[in-house]
Amino acid sequence: MSQSIAAHPDRLLPADPGTRSIARSLLERVQDLPIISPHGHVDAAVIEQNTPFPDPAALLVSPDHYVTRLIHANGVPMDQLLAGTASAPESKEIWRTFVQAWPLFEGTASGYWLRTQFNDVFKLGADLSELSADASYDAIAAKLVEPDFRPRQLFKDFNIEVLATTDDPLDTLASHKALTEDPSFNGRVVPTFRPDAYLNVAHPSWSANVDRLIETAADGATGYAGYIAALENRRRYFVDHGAVSADHGVRTPATLKLDPREAEALFEKARAGSATAEDRDAFEAHMMYQMARMSVEDGLVMTIHPGSYRNHHGPTFAGFGADTGHDIPFAVNYTEAIRPLLQDFGTAKDFHLVLFTLDETVFSRELAPLAGFYPSVYIGAPWWFLDAPDAMLRFRSAVTETAGFSRSSGFIDDTRAFCSIPARHDASRRIEASFLARLVAEHRVTEARAHELILDVVDSSPRRVFKL
């Protein structure tokens, strides 16, 4: 087997030798900076309890919908890929299926990240092949049982300074508290308030969630007033436990300011099970307005992640649940949808609103102009299907001419896969270096200024935008 191309020092850098030389210099400036990860989905308990990672397939294949979706698209049944299902094969067999499908990932972002992990984290030293499937499985499995391959040591080895998790509003945040109080842990793990299941009336557990929320946190209040009070109280609880942001995974970015009596009437209709689809959409849009109001008051950064048709394939959802690879992007309208919120809060002091999208067409048409006027608005980094090298370059080209560099969030890895964090941040840094190197080579930015800009984009921007 030949050495993995993941070891090449110029990966993702420009092909032109002169521009590549500039990019190398820029990358060197930021390559060893600590990782700031202000939005992701790693479980804090894994770090707090220093839980050993599971076997290679359960760690790198089954939970990664980027991986399973593409293998499934090429004819492998889902139950042959998801560890823990009733009909799942043994872990090593799942790994063999993955390795057999490895050529499918050429040119994909997930292929790039995985190849980087295999080289840098697991030290495989060579690319995967069917002939070495069992050997690569055994090599990774041996790594996973090493004492120095536990989450806390990797947190240090990966040079992570800040890691944000994503948490249910009623979570006790016990693991976050334990980490904060543990003198042996020097990192920073902060919770993120994620209220989707309490705001979206269409969520199958919405009514039961609201019952628990009011009972737990409304201080004796009931009805719509108790609901609002409980959300405010739980947000303050998160702030007291180190949270810096509230994240909202909504279908659309619609916002709506309702009279309190109208909002209460919709709430009661939803509670009674008589709300129409239009009622549900209006209530959720109103609650997004309320979340912005609360962010102005309590200081939590508000992030919005819209534009995904969740669980597109009903049979797969019924058989295997959510986050199994069939969430599909659709077009969104930000300019009109977000206007009611921005009319009241777009210029509010210290309000930070980070807008993400899966619809590339809104980068230059809507998000950059919005961020180029409203002091509160920042452009979220390319996310999900767009957190790929070419898409990240398109993002920079689309937004910079209107909004510059200062109005973007900094990189967001948005990952559940702890071991992929350094690979994703390294890819982002290489892309930023490549984009800035082109501007220098075209005499649009001086090289000295490019060195300042890449420091800001990689390190200062996420600290500034997420109030870190």
Side-chain angles (χ1 to χ4, degrees), residues 1 4-6 40-43 46 51-146 149-151 154 158 311 313 316-317 319-327 384-385 387-388 413-424 427:
M1 294 183 293
S4 172
I5 57 174
H41 299 277
V42 174
D43 185 355
V46 170
T51 309
F53 293 107
D55 63 75
L59 173 65
L60 297 167
V61 181
S62 295
D64 192 337
H65 54 73
Y66 281 98
V67 172
T68 57
R69 71 190 310 273
L70 189 56
I71 301 175
H72 176 265
N74 282 273
V76 178
M78 193 65 74
D79 64 357
Q80 299 303 297
L81 298 168
L82 301 181
T85 59
S87 56
E90 292 184 355
S91 176
K92 185 168 280 191
E93 191 59 37
I94 294 175
W95 183 260
R96 289 169 182 152
T97 300
F98 162 66
V99 174
Q100 186 177 21
W102 179 240
L104 302 174
F105 291 91
E106 296 293 0
T108 67
S110 48
Y112 178 85
W113 298 327
L114 284 165
R115 186 175 270 129
T116 303
Q117 289 177 73
F118 295 149
N119 185 79
D120 296 352
V121 178
F122 296 105
K123 311 299 183 187
L124 293 187
D127 215 348
L128 298 182
S129 74
E130 288 191 61
L131 292 176
S132 64
D134 286 3
S136 61
Y137 180 97
D138 293 340
I140 294 173
K143 274 281 185 187
L144 297 182
V145 298
E146 292 178 5
F149 209 84
R150 297 288 185 89
L154 290 179
F158 292 166
N311 308 313
H313 187 238
T316 297
F317 176 62
F320 304 103
D323 300 317
T324 46
H326 48 108
D327 295 341
W384 206 341
F385 292 98
D387 55 357
D413 58 65
D414 186 43
T415 187
R416 291 173 173 81
F418 184 70
C419 291
S420 76
I421 290 175
R424 294 179 188 232

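No hydrogens, no waters, no symmetry mates; every other heavy atom, side chains included, goes into these values. Since we're looking at a predicted model, the values are computed, not measured. Starting from 1, each residue takes its place in the sequence as its number.
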Heavy-atom closest pair, residues Ser62 and Ala83 | OG-N, 2.8 Å

Side-chain donor or acceptor of Asp414 paired with backbone N/O of Gly40 under 3.5 Å = no

Do Leu154 and Phe418 come close enough that some side-chain heavy atom pair is under 4.5 Å?
-> yes

On a heavy-atom basis, the closest approach of Thr316 and His313 is OG1-ND1, 2.6 Å

In plain terms, say whether Asp323 and Arg416 are close enough for a salt bridge, that is, a side-chain N and a carboxylate O under 4.0 Å apart.
-> yes

CG-CD1 distance between Leu82 and Ile94, expressed to the nearest 0.5 angstrom = 7.5 Å

Results of ring-ring contact (aromatic ring centres under 6.0 Å, His included) for Phe122 - residues two or more places apart only = Phe149

Using the side chain to side chain donor-acceptor pair (under 3.5 Å) rule, collect all pairs that involve residues 67-81, keeping only residues at least two apart or in two chains.
-> Asp79-Ser87

Among all residues two or more places apart in sequence or in another chain, which pass the ring-ring contact (aromatic ring centres under 6.0 Å, His included) test with Phe98?
-> Trp95, Trp102

Are His326 and Thr324 side-chain neighbours, meaning at least one heavy-atom pair lies under 4.5 Å?
-> yes

Is the shortest heavy-atom distance from the side chain of Phe118 to the side chain of Leu128 under 4.5 Å?
-> yes

Looking at Leu104, Leu81, Leu114, which hits side chain to side chain contact (heavy atoms under 4.5 Å, CB included) with Val67?
-> Leu114

Identify the two heavy atoms, one from Ser129 and one from Val99, that lie closest to each other, and give their separation to 0.1 Å.
-> O-CG1, 3.2 Å

Not counting sequence neighbours, which residues clear side-chain contact (heavy atoms from CB on, under 4.5 Å) with Asn119? List them please.
-> Ser4, Ala6, Ala7

For Thr116, enumerate each residue passing the side chain to side chain donor-acceptor pair (under 3.5 Å) test, keeping only those at least two apart in sequence or located in another chain.
-> none

Qualifying salt bridge (charged side-chain N to carboxylate O under 4.0 Å, His left out) pairs with a residue from residues 82-94, counting only residues at least two apart or across chains = Lys92-Asp138, Glu93-Arg96

Using atom types as modelled and distance alone, determine if a side-chain donor or acceptor of Tyr66 lies under 3.5 Å from a backbone N or O of Trp384.
-> yes

Do the side chains of Val145 and Pro52 get nearer than 4.5 Å, heavy atoms only?
-> no

Who are the side-chain contact (heavy atoms from CB on, under 4.5 Å) partners of Ala139, not counting sequence neighbours?
-> Leu124

Does Thr108 have any side chain to side chain donor-acceptor pair (under 3.5 Å) partners at least two apart in sequence or in another chain, and if so, which?
-> Ser110

For Glu106, the side-chain contact (heavy atoms from CB on, under 4.5 Å) test, sequence neighbours excluded, returns Arg115

State which residues pass ring-ring contact (aromatic ring centres under 6.0 Å, His included) with Phe320; sequence neighbours excluded, sorted by chain then number.
-> none

Shortest non-hydrogen contact from Cys419 to Val121?
-> O-CG2, 4.0 Å

Can you sort out the partners of His41 under ring-ring contact (aromatic ring centres under 6.0 Å, His included), two or more places apart, ordered by chain and number?
-> His39

Non-hydrogen atoms of Ala109 and Asp387 that approach each other most closely | CB-O, 4.0 Å

State which residues pass side-chain contact (heavy atoms from CB on, under 4.5 Å) with Asp413; sequence neighbours excluded, sorted by chain then number.
-> Ser37, Phe411, Thr415, Ile421, Arg424, His425

Heavy atoms only: give me the nearest Ala427-Tyr112 pair and the separation to one decimal.
-> CB-CE2, 3.7 Å

